[in-house]
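Worksheet for the structure shown next.
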Amino acid sequence: MNQQNTTKKIISCSFKNLSNKKEMDKISITDIMDQTDYRRQTFYDHFDDKYDLITWIFSYDVTDLIQHLMKWQNWEEVLFHLLNYLEENRVYYKKIISTIKLDSFKDYFIYYIKKSIQSLADDYLQTHPISDGNSVLIKTKIDFCAYGLSEMLYHWVLEDCDPTATDYHELLITVIYFKI
């Protein structure tokens, strides 16, 4: 891990620790940095604000978790790891999702899910070419899956990840493969 990411991880650990003790909107940059023994300016050297930190935490953690799996044939495993991550961190993410001021996180969450689905689709399309006429259909399906999945995951976290990640994974896979 490089020095910049090490500093970011220390700051993120401080924030996550504070989020267990305080409401999200009550955590200040000073609070975060007091726990790290870094200057307040160090925070701004790495993040624009607390909301930037929150999106970085999600992106860094999830990318680290699934990056090596991002191939079409692994999409079910990617989903499983994402569900487990959200379940393991449900208290933290439920607080973030429940904080109305953090709507920007929801936008980022949708963006991240869409980018991941797009990456998996691109991998699939490398070996399964489509005609130009189907490109709009593919884009629409990616959007449909991204918006649907991100909204489902959002509500699942708000409902304390019930059912469990394993059961929810099985349910989502069944829904994805289900044909009417």
Side-chain angles (χ1 to χ4, degrees), residues 5 8 12 15-16 24 46-90 92-180:
N5 276 348
K8 285 181 169 186
S12 70
F15 177 75
K16 286 176 94 173
M24 291 289 176
H46 298 282
F47 302 104
D48 294 335
D49 54 28
K50 182 170 53 174
Y51 310 106
D52 186 32
L53 168 62
I54 290 167
T55 57
W56 182 86
I57 290 169
F58 178 78
S59 177
Y60 181 84
D61 286 353
V62 174
T63 300
D64 187 50
L65 186 67
I66 65 172
Q67 185 175 27
H68 67 284
L69 295 171
M70 290 300 289
K71 299 285 183 211
W72 174 254
Q73 64 269 21
N74 300 332
W75 74 266
E76 290 181 29
E77 191 175 353
V78 169
L79 179 59
F80 184 73
H81 284 290
L82 176 60
L83 289 168
N84 277 315
Y85 170 78
L86 290 171
E87 184 178 52
E88 289 169 7
N89 294 280
R90 73 176 161 263
Y92 170 74
Y93 283 108
K94 186 173 181 178
K95 279 186 173 186
I96 287 174
I97 292 169
S98 299
T99 303
I100 294 170
K101 293 179 183 176
L102 292 173
D103 262 358
S104 62
F105 177 75
K106 186 172 187 178
D107 293 339
Y108 181 77
F109 187 76
I110 293 167
Y111 164 79
Y112 190 91
I113 298 295
K114 185 175 179 181
K115 185 177 79 165
S116 298
I117 291 172
Q118 181 69 57
S119 175
L120 291 168
D122 289 346
D123 183 61
Y124 175 82
L125 293 172
Q126 285 182 0
T127 56
H128 300 84
I130 60 163
S131 67
D132 288 338
N134 285 333
S135 62
V136 172
L137 180 63
I138 297 295
K139 183 196 176 314
T140 303
K141 185 166 186 167
I142 289 168
D143 287 349
F144 182 82
C145 291
Y147 291 117
L149 180 61
S150 58
E151 196 66 32
M152 295 289 295
L153 295 178
Y154 226 71
H155 287 281
W156 180 67
V157 169
L158 284 173
E159 294 165 3
D160 288 322
C161 299
D162 184 36
T164 67
T166 302
D167 291 342
Y168 201 53
H169 178 258
E170 187 177 312
L171 179 63
L172 289 173
I173 298 300
T174 301
V175 166
I176 290 166
Y177 284 120
F178 185 76
K179 293 183 182 181
I180 296 177

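Counting begins at 1 with the first residue of the sequence. Predicted model only: the values in this text are computed from it and were never measured. Atoms considered below: every heavy atom in the structure, side chains included; atoms not considered: hydrogens, waters and symmetry mates.
With sequence neighbours left out, the side-chain hydrogen bond (donor to acceptor under 3.5 Å, both in side chains) criterion links Thr63 to Tyr112. Not counting sequence neighbours, His128 has no partner by the side-chain hydrogen bond (donor to acceptor under 3.5 Å, both in side chains) test. Partners of Tyr93 according to the ring-ring contact (aromatic ring centres under 6.0 Å, His included) rule, which considers only residues two or more places apart in sequence or in another chain, are Phe58, Tyr85, Phe105.
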Donor-acceptor contacts, no H, no angles, side chain residues 138-145, under 3.5 Å, sequence neighbours left out:
unit_1, atom_1, unit_2, atom_2, d
Lys139, NZ, Asp143, OD2, 2.7
Thr140, OG1, Val136, O, 2.8
Asp143, OD1, Lys114, NZ, 2.8

Considering only distance and modelled atom types, tabulate donor-acceptor pairs under 3.5 Å from the side chains of residues 66-84, sequence neighbours left out.
unit_1, atom_1, unit_2, atom_2, d
Asn74, ND2, Leu69, O, 3.1
Glu76, OE2, Tyr177, OH, 2.9
Asn84, ND2, Phe80, O, 3.3

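The distance from the CD1 atom of Ile97 to the CZ atom of Arg90 is 12.5 Å, given to the nearest 0.5 Å.
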side-chain contact (heavy atoms from CB on, under 4.5 Å) evaluation trace for Trp56 with Tyr108
CA-CA 10 Å; Trp56 182 86; Tyr108 181 77; over 6 Å; no
Stepwise, does the side-chain contact (heavy atoms from CB on, under 4.5 Å) test hold for Glu88 with Asp61?
CA-CA 12 Å; Glu88 289 169 7; Asp61 286 353; over 6 Å; no
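The minimum heavy-atom distance between Lys106 and Tyr154, with the atom names listed, is CB-OH, 3.0 Å. Residues Ala146 and Ile113 share a closest heavy-atom pair of O-CG2, 3.9 Å. The minimum heavy-atom distance between Leu86 and Cys161, with the atom names listed, is O-SG, 4.0 Å.
For residues 156-166, every residue pair satisfying the side chain to side chain donor-acceptor pair (under 3.5 Å) rule, not counting sequence neighbours, is listed here: Lys94-Asp160, Thr164-Asp167.
At least one cation-pi condition fails for Lys8 and Tyr60: the charged atom is not both under 6.0 angstrom from the six-membered ring centre and inside a 45 degree cone around its axis.
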